[in-house]
Amino acid sequence: MSRVHWVELRPRDPATAGLVTLRFAGGARERSYFREENGQHYKAGLVAAPRFAARIGYGRDGFTGQTVPQASRIQIAPAQADVFEGLAGYFWKDAEITIDAGPENASSFPRLFTGTVVGDSITDGVFSFTIADLSSRLDKPVCTRRFAGNGGIEGGEEAEGRTKRRSWGFVFNVEGRLLDPANSIYEFGDPAFPLSSFSALRDKGRGGPFTVLAWQGSIAATFAALQASTPAQGGGVVAPSIACAKWWTEPSGPLTADFVGTPGTGGSMSTAALIDAISSSFSGPGVTNRAAAIALRPAAAGIHVGDETTTGAQLIDRLALGSSLVWVAAPEGVIRLFPWSFDNGGAAVLQGQFIGRERAYAPHYRRRVGFQANNRRHSESEIAESIRYDDGVLAEDLRPAEPEATNGAVIPTPGSDAVGNVKNELGVVRNPGELLNSEIRLDPAGRLTYRPLPDVHPSSWAGSRCPISARSAKRRCAAPRTTSIRWRAR
């Protein structure tokens, strides 16, 4: 029994700018090309059955996260000359196409492919189409806008030509970029795409209090209100509706923030909901098993992009990979998410024909994942002196110093019989005089450590003790009693 393919195309007519529906079929031996299922007539002309190919990236360290769209090439050669001429007159770029297929005697034909035309050509009386699934709509850059640098929300000359960034979900430690130097206002994304909320604002890693400026009816009005605002000392004012924040003064280091960008579909911040929202922003396919995928990977995720080369598909690749998911464009024109697992019995098997292999890699047993990235790694000099003591208290939390906080502390004069009350971590009273012959170091964990220097056996002369040899003592320590003596450890 032969297999019939039903092709429906919707190009645009340049004369009217409207869409035109065209139907072609091929593969039948005994039946006509009238399709009882939808009551439509199809024209003969499909040269051969389409053969589709897709690619899921896999490298030496496992899945790379790259999913290449399902693609094919079909050829149509209608017998009527007027039909062929009509095909040549249409605009085919991004035209919708669906292909259904099944046995010739079937009463219904399931969907084999949903996609768009990405290229067309005519050769020797044959019209050829290169087609790809709907995920090809995601092969466009995410960030396509730049700051003009002509003042206001477009920033000053230092912002001219700067890419307007985008964020989805929970993102952490995103660096603000100076937008209005005179008012110490920083941007964290494209003002045309509001952030949901801010959760932290930090100068050099040190968090400060902030107030939220509500939407003022327009971007310009909100920005003007932010300029006129007065942040509290050591803090700021945030305006999530325009993706900006104002710091109380010029920051001493990088000004970074944690915030929620564009939420996922339904307000969820899970990977599946974010993928669905990103695809929708490109008019791409929706995630058909979103609820099941959310249940599978419910944790809040997020992603931030600040360059003009990352595409929507690459953004979804990164999100899926970080949550150990694989995404594929299904024939029905939707996205399906599958988990990848080391448990052969726990993951679905992807079906296909003519499966090939380009190269082989050695087995591996672990894979690093991540869905809450640190978007700004600070160098040591960019981190505030926020030392955490053993009891969990930050040094900055003890500031400012409290007057008379050390009243009652006794530090006896070295050599006196007075007893001090300065104790070590074991509760033992220590003589501060020990510090005169010790080494104090700041370890990588931020703790001051004390280590006595090796013992020395000083020689004495004229009642004074000098840690030097007896011969040199007479020469170097023979001095009036009113002259100070320089002590050296040998």
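As the structure is a prediction and not an experimental result, all values here were calculated from the model.
Counting only distance, with no hydrogens or angles, the side chain of Asp203 and the backbone of Pro251 share no donor-acceptor pair below 3.5 Å. Remark: the backbone N or O of Ala17 is paired with a side-chain donor or acceptor of Arg12 at under 3.5 angstrom. Panel note: side chain Ser136, backbone Asp133; a donor-acceptor pair is recorded below 3.5 Å. Judged by distance alone, with hydrogens and angles left aside, the side-chain atoms of Asn289 form a donor-acceptor pair with the main-chain N or O of Leu337 at under 3.5 Å. Arg137 places a side-chain N or O within 3.5 Å of a backbone atom of Ser283 that can act as its donor or acceptor partner. The closest donor-acceptor contact from the side chain of Ser196 to the backbone of Gly261 lies under 3.5 Å. Remark: the backbone N or O of Ala148 is paired with a side-chain donor or acceptor of Glu154 at under 3.5 angstrom. The backbone N or O of Ile278 sits less than 3.5 Å from a side-chain atom of Ser281, completing a donor-acceptor pair.
Proximity of Phe147 to Pro191: side-chain heavy atoms (C-beta onward) are separated by under 4.5 Å at one or more points. Between Ser279 and Pro285 there is a side-chain heavy-atom pair separated by less than 4.5 Å. Ile242 places none of its side-chain heavy atoms less than 4.5 Å from the side chain of Glu187. The shortest side-chain heavy-atom distance between Cys143 and Lys164 does not fall under the 4.5 Å cut-off. Contact of the Ile97 side chain with the Phe129 side chain is not registered, since no non-hydrogen atoms from C-beta on lie closer than 4.5 Å. Contact check for Pro240 versus Ser197: no side-chain heavy atoms found under the 4.5 Å cut-off. At a threshold of 4.5 Å between non-hydrogen side-chain atoms, the residues Ser135 and Ile335 do not count as touching. Taking 4.5 Å as the limit, some side-chain heavy atom of Arg165 sits within range of a side-chain heavy atom of Val174.
The CZ atom of Phe113 lies 8.5 Å from the CD1 atom of Ile74; values are rounded to the nearest 0.5 Å. Distance NZ/Lys140 to CZ/Phe282: 8.0 Å, rounded to 0.5 Å. Distance check, rounded to the nearest 0.5 Å: OG of Ser184 to CG of Leu178 gives 7.0 Å. Note that the CG atom of Leu179 and the CZ atom of Phe188 stand 11.0 Å from one another [nearest 0.5 Å]. One finds the CG atom of Leu319 at 12.5 Å from the CD atom of Gln314 (value rounded to the nearest 0.5 Å). Once rounded to the nearest 0.5 Å, the distance linking CD1 of Ile316 with CD1 of Ile303 reads 9.5 Å.
The shortest non-hydrogen separation linking Asp190 to Arg145 is OD2-NE, 2.9 Å. Nearest approach of Thr256 to Glu175, heavy atoms of both residues: CG2-CA, 3.9 Å. Nearest heavy atom pair, residue Pro263 against residue Gly267, reads CB-CA, 4.4 Å. Closest non-hydrogen pair, Lys246 versus Ser229, comes out as NZ-O, 2.7 Å. The two residues Ser252 and Arg206 come nearest to each other via the heavy atoms OG-NH2, 4.3 Å. Of all heavy-atom pairs spanning Pro11 and Ala95, the tightest one is CA-CB, 3.7 Å.
Taking Thr114 as the reference, Thr98, Arg111, Leu134 meet the side-chain contact (heavy atoms from CB on, under 4.5 Å) condition, with sequence neighbours excluded. For Tyr186, the ring pair (Phe, Tyr, Trp, His ring centres under 6.0 Å) criterion is met by no residue, not counting sequence neighbours. Phe210 pairs by the ring pair (Phe, Tyr, Trp, His ring centres under 6.0 Å) definition with nothing, not counting sequence neighbours. For Arg297, there are no salt bridge (Lys or Arg N to Asp or Glu O under 4.0 Å) partners two or more places apart in sequence or in a different chain. Listed by chain and number, the residues in a salt bridge (Lys or Arg N to Asp or Glu O under 4.0 Å) with Arg177 amount to none (sequence neighbours excluded).
Ionic pairing of Asp258 and Arg202 is present here: one or more N-O contacts between side-chain nitrogen and carboxylate oxygen are shorter than 4.0 angstrom.
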* **Candidate pair Thr222 and Leu226, rule side-chain contact (heavy atoms from CB on, under 4.5 Å), full reasoning** => CA-CA 6 Å; Thr222 306; Leu226 183 62; 5.8 Å; no
* side-chain contact (heavy atoms from CB on, under 4.5 Å) between Val142 and Trp168, intermediate numbers included -> CA-CA 11 Å; Val142 175; Trp168 280 267; 3.7 Å; yes
* Go through Cys244 and Gln227 one step at a time and tell me if the side-chain contact (heavy atoms from CB on, under 4.5 Å) criterion holds. => CA-CA 11 Å; Cys244 291; Gln227 290 177 309; over 6 Å; no
* Asked: side-chain contact (heavy atoms from CB on, under 4.5 Å) between Trp92 and Leu9: does it pass, once the steps are laid out?
  -> CA-CA 9 Å; Trp92 290 97; Leu9 298 136; 3.9 Å; yes
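Residues in residues 213-249 take part in no ring pair (Phe, Tyr, Trp, His ring centres under 6.0 Å) pair, two or more places apart or across chains.
For the residue pair Asp139/Thr311, the side-chain donor-acceptor check at 3.5 Å is not satisfied. Between the side chains of Asp94 and Thr116, not a single donor N or O lies within less than 3.5 Å of an accepting N or O.
In this structure, Phe259 and Phe198 have tilted ring planes: the angle between them lies in the 30° to 60° band.
The number of heavy-atom neighbours closer than 6.0 Å to CZ of Arg146, taken from other residues, nucleotides and ligands shown, is 12 or below.
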